[in-house]
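Here's the structure we're looking at; comments come further down.
For ligands, and for the atoms within them, numbers begin at 1 and follow the listed sequence.
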Amino acid sequence: MLLTLTTTHRPATDLGYLLHKHPERVFSFTLPVGRAQVFYPEANEERCTAALLVELDPVALSRGKAGQGSGAPLEPYVNDRPYAASSYLTAAVREAFGTAMSGRSKERQALADQALPFEVHLPALPSRGGPDLALRLFGPLGYQVDGRVWPLDPNFPEWGDSLYLDLKLSGCVPLKVLLAQLTLLIPVLDDAKHYFVTDEEIERLQRLGAGWLENHPERDLILKRSLKHQRDLLRLANAAFGQEEPIAVAAPLSLNAQRLAAVEAELATSGAIRVLDLGCGEGHLLRPLLANPQFREIVGMDVSPRELERARRYLRLDELPPVVRDRLKLIQGSLTYRDARLRGYDAAALVEVIEHLDEARLWTLERVVFGDARPGTVVVTTPNAEYNARYSFLGEGEARHQDHRFEWDRPTFRTWAERVGEAYGYSVIFKPVGEEDPELGSPTQMAVFTRQGP
Ligand code: SAH
């Protein structure tokens, strides 16, 4: 991964003094998971460019990572980390340019304090949440933003865009501020950090964000992503930044509880005794189902073995008395392949699952659940995209979770559910879940399908 910094302030080679790196030399240093080099591809009176090149060692990177991520066996080795600008790059920036970040310069202090013309180039910057996110983050800070989206594969334009930008920024800022903004905002675009985030991160946000983050129009998003979506830290950060209205951080928790209660109630009133939780994840619905003796046979199914392992832990299966434990089976399988183990149940729940499948592949799930497994009742929940406008931490058009392939408005969900009902012989009714907004509807939408005939 690569970052270049160019200045046209004359004499441009003074950049060497500011970065504490002589333009005629190459600097190498080792990082916990790779190595980095700083060198100057051009250095003259008019223009001087410093390049930071980071080479990650995929094996060092994968250490202790097996079983994390999406669960794909090669994911620890085959991923975008070696080339995508991320917190690995910003950690290298801190390592390489620590003195410059503190704003000190032995030989050119006045220059270090001064706003200088800079150009920044990041050839591969992930932009989760749409290509315009870089503009929304850097634009309000006074940069000219030129972001070109890389195609997934230049040989196959029909495959569409990747989520990576070739980004160029230009602006006039003190070097210290430029480096602070890059180190805080690159991981925000990536929506990830490779290190454990604690309340020290709030102190960093205050220190590096001083003078520009407090009133940034995307501050909520920046805080939320910087703190890796951790509610407790967000609450502290809101307090630290003197937020007047609390960011809607409490909502997802209570919404989750309301959703589980609503689904459990539908399953219970359907009279079901043998139930399926399809895409059960770590078992949030399985817990109340186990606690309700009406459900005598419960199956939790998920495609991800890692989620099933988590469910075992979350439900403390090992500690449950055998009479309770024996009512539950956890099975691994994909909802896109017909599966005889799913036939003959009274009811099935798909809680926040359909949006994790590609829309173009959703028909396979429809066929498996409604065509082949054919439970008497099917309860499906999914986010209502209209309601996202109420979440101040989401950018426009941004999904609630980075793994969501789509989020539907109410008419789209309704049309989908009615078509599926029609095709497979189910009647369908719709119910809101969560606090309803008069215009936008409820945060979660729910469809309850009832099989007509055998
Ligand atoms: N129902 C759970 C989890 C929702 S997250 C809850 O409400 O907490 C979506 C889940 O669907 C994930 O656990 C994911 O592993 C699972 N999933 C995604 N695609 C799947 C597929 N094709 N077959 C089965 N499960 C799938």
Side-chain angles (χ1 to χ4, degrees), residues 67-73 75 229 231 251-267 275-291 295 298-315 328-343 345 347-373 375 377-385 399-408 413 420 431 433-434 442-449:
Q68 289 184 24
S70 71
E75 197 197 81
H229 309 257
R231 264 179 227 116
L253 182 67
S254 57
L255 176 61
N256 193 30
Q258 290 179 63
R259 185 161 51 221
L260 296 176
V263 173
E264 193 207 338
E266 290 301 327
L267 296 176
V275 293
L276 300 165
D277 182 6
L278 303 175
C280 61
E282 59 182 317
H284 292 144
L285 179 65
L286 294 172
R287 182 179 272 176
L289 294 183
L290 268 175
F295 305 115
I298 306 164
V299 171
M301 185 216 212
D302 205 282
V303 73
S304 158
R306 189 172 60 109
E307 290 299 310
L308 293 171
E309 193 43 52
R310 282 186 172 180
R312 259 177 220 113
R313 265 182 277 138
Y314 173 75
L315 299 168
L328 174 70
K329 249 192 312 191
L330 292 176
I331 61 174
Q332 196 255 332
S334 173
L335 290 165
T336 56
Y337 297 98
R338 267 191 271 251
D339 193 331
R341 295 174 299 175
L342 305 181
R343 291 181 195 144
Y345 283 82
L350 290 126
V351 181
E352 311 293 283
V353 172
I354 59 171
E355 64 275 10
H356 289 264
L357 273 80
D358 281 330
E359 218 172 325
R361 299 271 299 156
L362 204 52
W363 66 272
T364 55
L365 175 144
E366 296 160 19
R367 193 186 57 183
V368 168
V369 175
F370 296 91
D372 193 62
T377 300
V378 182
V379 184
V380 176
T381 74
T382 195
N384 165 19
R400 293 182 202 178
H401 191 286
Q402 94 188 30
D403 203 39
H404 287 177
R405 309 297 164 92
F406 59 84
E407 285 180 353
W408 283 339
F413 182 55
V420 170
K431 294 189 180 176
V433 179
S442 59
T444 295
Q445 30 189 358
M446 178 165 75
V448 182
F449 297 82

- prompt: Measuring from the heavy atoms of Gly333, does anything fall under 4.0 Å of ligand 1?
  reply: yes

- prompt: So, is Asp277 polar-close to ligand 1, with some N/O to N/O distance under 3.5 Å?
  reply: no

Distance filter under 4.0 Å to Ser334 heavy atoms, resulting ligand 1 atoms: 21 (C), 22 (N), 23 (N)

- request: Distance to 0.1 Å, residue and atom name: give those for the protein heavy atom nearest to atom 15 (O) of ligand 1.
  value: Asp302 OD1, 2.6 Å

- prompt: Have Glu352 and Thr381 got a donor and an acceptor in their side chains that come within less than 3.5 Å?
  reply: yes

- prompt: Just wondering, do Leu308 and Cys280 contact through their side chains at under 4.5 Å, heavy atoms?
  reply: yes

query: Should Asp372 and Arg343 count as an ion pair when the cut-off is N to O under 4.0 Å?
result: yes

message: Looking only at protein heavy atoms, which one is nearest to atom 6 (C) of ligand 1, and what is the separation?
response: Val351 O, 4.0 Å

field: CG-CE distance between Leu350 and Met446, expressed to the nearest 0.5 angstrom
entry: 13.0 Å

- line: Applying side-chain hydrogen bond (donor to acceptor under 3.5 Å, both in side chains) to Arg405 and not counting sequence neighbours gives Asp358

task: Tell me which protein heavy atom sits closest to atom 20 (C) of ligand 1, plus the residue, atom name and distance to 0.1 Å.
output: Val303 CG1, 3.7 Å

statement: Rounded to the nearest 0.5 Å, the CD atom of Glu264 sits from the CZ atom of Phe295 at a distance of 5.5 Å

- prompt: In terms of atom number and element, which parts of ligand 1 are under 4.0 angstrom from non-hydrogen atoms of Glu352?
  reply: 4 (C), 5 (S), 9 (C)

query: Just which atoms of ligand 1 are under 4.0 Å from any heavy atom in Glu307?
result: 13 (O)

- request: Please report which non-hydrogen protein atom sits nearest to atom 3 (C) of ligand 1, along with the residue it belongs to and the distance in Å to one decimal place.
  value: Gly279 O, 3.4 Å

message: Suppose we measure from atom 8 (O) of ligand 1 to each protein heavy atom; which comes out shortest, and what is that distance?
response: His284 ND1, 3.4 Å

task: Answer with side chain, backbone, both or neither: which part of Leu278 has a heavy atom less than 4.0 angstrom from an atom of ligand 1?
output: neither

task: Considering only non-hydrogen protein atoms, determine which one is nearest to atom 19 (N) of ligand 1 and report residue, atom name and distance to 0.1 Å.
output: Leu357 CD1, 3.8 Å

task: Would you please name every residue forming a side-chain hydrogen bond (donor to acceptor under 3.5 Å, both in side chains) with Thr444, sequence neighbours left out?
output: Arg259

query: After noting the C-alpha distance and the side-chain angles of Arg306 and Glu309, does the key distance pass the salt bridge (Lys or Arg N to Asp or Glu O under 4.0 Å) rule?
result: CA-CA 5 Å; Arg306 189 172 60 109; Glu309 193 43 52; over 6 Å; no

- prompt: Got Val378 and Phe370 here, is their nearest side-chain heavy-atom distance under 4.5 Å?
  reply: yes

message: Need the ligand 1 atom indices (1-based, order shown) with element for anything under 4.0 Å from a heavy-atom of Leu335.
response: 21 (C), 22 (N), 23 (N), 24 (C)

